[in-house]
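The figures that follow rest on heavy atoms only: side chains count, while hydrogens, waters and symmetry mates do not.
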Amino acid sequence: MASLNVSSVLVVLFLTCGAVMATKENDQIVKENNCETKMGLPCVLEAFTSIFNTGSISKKCCGELVVFGKVCHSALVKRTLENPLFKDLNLAAIIAKSIQTWNNCLALIDSPSPST
């Protein structure tokens, strides 16, 4: 239960407070690309959990992430890491998980379905 509460708080911060703490560069990228409106909340939660916690991301959400785009994905992860609440995280590990999540989703989306 505590894990769910922490994840919920992190996602809310990711979606709302990030804009206040963002550098102009990341904030500008997010605004110019309409990044905050491109993914549904359930998939945002899955992606966030797979990067900032322990979790996996479904093929459906990988599809949304790929459509979301690498520019938005990278900018929002970086913007989240700028928030003081995340200052104790291992930045290199989070960036590595972010890249791994992106690459795994690309591979999953590009792979043929088992029925073909």
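For the pair Ser50 (side chain) and Ala47 (backbone), a donor-acceptor distance under 3.5 Å is present. Lys60 contributes no side-chain N or O that, together with a main-chain N or O of Cys43, makes up a donor-acceptor pair within less than 3.5 Å. Judged by distance alone, the side chain of Lys38 and the main-chain N or O of Asn33 form a donor-acceptor pair under 3.5 Å.
The two residues Ile57 and Cys105 make their nearest non-hydrogen contact at CG2-SG, 3.7 Å. Scanning both residues, Trp102 and Lys70, for their nearest heavy atoms gives CH2-N, 3.2 Å. Residues Ile94 and Ile51 share a closest heavy-atom pair of CD1-O, 3.6 Å. Here the closest non-hydrogen pair linking Leu108 and Cys62 is CD2-SG, 3.9 Å. When all heavy atoms of Glu64 and Gly40 are compared, the closest pair comes out as OE1-N, 2.9 Å. Nearest heavy atoms, Val30 versus Arg79: CG1-NH1, 3.5 Å.
Residues Leu65 and Leu106 share a single hydrophobic cluster, defined by chaining ILVMFWY side chains whose heavy atoms lie under 4.5 Å apart. When hydrophobic clusters are built by joining Ile, Leu, Val, Met, Phe, Trp and Tyr residues whose side-chain heavy atoms come closer than 4.5 Å, directly or via intermediates, Leu76 is not grouped with Val71.
Between Phe48 and Phe86, the angle of the ring planes goes over 60°, which puts this pair in the perpendicular group of the 30/60° scheme.
Interatomic distance, CG of Leu45 versus CE of Met39, reported as 9.5 Å (0.5 Å rounding). Distance check: Ile29 CD1 to Glu25 CD gives 5.0 Å after rounding to the nearest 0.5 Å. Summarising the geometry, atom CD belonging to Glu46 is positioned 6.5 Å from atom OG belonging to Ser56; distances are rounded to the nearest 0.5 Å. With values rounded to the nearest 0.5 angstrom, Thr101 atom OG1 is found 9.0 Å from Asn103 atom CG.
Under 4.0 Å is where a charged nitrogen must lie from a carboxylate oxygen, and between Glu82 and Lys78 no such pair does.
In this structure, Ile95 and Leu81 have side chains that are in contact, with non-hydrogen atoms separated by less than 4.5 Å.
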